[in-house]
Trainee: 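Quick one: structure below, then a few questions.
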Amino acid sequence: MIHLGVNIDHVATVRQARRSVEPDPVHAAVLAELGGADGITVHVREDRRHIQDRDLRLLRQTVRGVLNLELAPREGGGVLELALEVGPDQVCLVPEHRAEITTEGGLAVSADDQRLRAVIERLRARGCLVSLFIEPEPAAVAAAAALGADAVELHTGSWAEAWAACRGRDDDPRLAREQQRLLAAAHEAGARGLRLHAGHGLNYHNVRGLLVLPGLREVNIGHSIVSRAVLVGIERAVREMKALLA
Ligand code: PXP
């Protein structure tokens with residue numbers, strides 16, 4: 001069964017819209033786990049636009065499954081230091097730019113990036129499983145392995161865009177091309193002994209086409225689950241996604 005990490009950043013986005021105390025992402029995490037989430041994912045951004053340090057500290061105490069923290073691999077911004085203090089079970093290193101609405105593109109990975117290697121080593125020494133959020137390219141997977149990562153999370157944004165453009169018709173060459181890219185990256189991850197994760201832009205329609213990826217262990221899904229949760233409640237929204245992954 002594919003592990004579902006529910007990203008609850010946008011519960012905090014609604015709270016921060018009023019700089020209020022509700023809705024509390026810690027409550028959302030409890031209900032998401034009751035709905036069957038295998039893990040809870042949050043992105044602590046340097047500008048703290050949604051998840052706050054307090055959320056991460058409380059989630060560390062309350063999450064029963066895997067606590068997965070997304071962060072930019074930068075020293076001195078305060079987030080890496082927070083991660084090392086709090087000790088999430090898993091860390092996913094992502095690129096981060098202040099002006100972006102959401103994470104754009106995968107990390108630029110190169111096997112001789114000593115700064116990235118050092119960040120990975122520090123987090124692994126803290127006991128975190130380290131994943132790199134990368135474009136679905138075999139060369140990026142190979143670089144992640146060379147840097148000492150445990151896992152890669154393949155960026156599925158292009159897959160999601162292709163799916164939307166052709167409404168999921170799998171005979172459409174745009175969708176077939178994106179699936180081939182993901183398959184090639186998945187095979188490379190298997191050959192390198194890396195855990196395979198995927199995420200970004202996944203929803204109740206386009207997630208099905210990813211289930212063919214060999215060795216896929218985990219998906220991280222946020223916006224579509226939180227959007228559905230506004231209408232049907234988060235437990236049900238998570239349960240429905242889990243059923244699609246079964
Ligand atoms: N995985 C990573 C690495 C991400 O940065 C994000 C967005 O924060 C997600 C998964 C979830 O993306 P979405 O909100 O589009 O489901």
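When a ligand or atom number is given, it counts from 1 through the structure's own listing order. This structure is a prediction, so every number in the text was calculated from the model and none was measured.
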Trainee: Quick one: list whatever passes side chain to side chain contact (heavy atoms under 4.5 Å, CB included) with R48, sequence neighbours left out.
Mentor: V44, Q52, D53, V79
Trainee: With a 3.5 Å distance limit and no angle check, can you tell me whether R174 reaches the backbone of A162 through a side-chain donor-acceptor pair?
Mentor: no
Trainee: Going by salt bridge (charged side-chain N to carboxylate O under 4.0 Å, His left out), name the pairs with one or both residues in residues 187-202, residues two or more places apart or in two chains.
Mentor: E188-R192
Trainee: Please give the N or O to N or O pairs under 3.5 Å between ligand 1 and the protein, distances rounded to 0.1 Å.
Mentor:
residue: ligand 1; atom: 1 (N); partner: E70; partner atom: OE2; Å: 3.4
residue: ligand 1; atom: 1 (N); partner: E153; partner atom: OE2; Å: 2.5
residue: ligand 1; atom: 5 (O); partner: E70; partner atom: OE1; Å: 3.1
residue: ligand 1; atom: 5 (O); partner: T103; partner atom: OG1; Å: 3.0
residue: ligand 1; atom: 8 (O); partner: E70; partner atom: OE1; Å: 3.3
residue: ligand 1; atom: 14 (O); partner: H223; partner atom: N; Å: 2.9
residue: ligand 1; atom: 15 (O); partner: G201; partner atom: N; Å: 2.8
residue: ligand 1; atom: 16 (O); partner: G222; partner atom: N; Å: 2.8
residue: ligand 1; atom: 16 (O); partner: H223; partner atom: N; Å: 3.4

Trainee: Go through the steps for E135 and R181 under the test salt bridge (Lys or Arg N to Asp or Glu O under 4.0 Å), then give the verdict.
Mentor: CA-CA 9 Å; E135 290 298 318; R181 285 180 76 212; 3.7 Å; yes
Trainee: Residues in salt bridge (Lys or Arg N to Asp or Glu O under 4.0 Å) with E96, at least two apart?
Mentor: none
Trainee: Which distance, rounded to the nearest 0.5 Å, do you find between the CG of L67 and the OG1 of T41?
Mentor: 8.0 Å
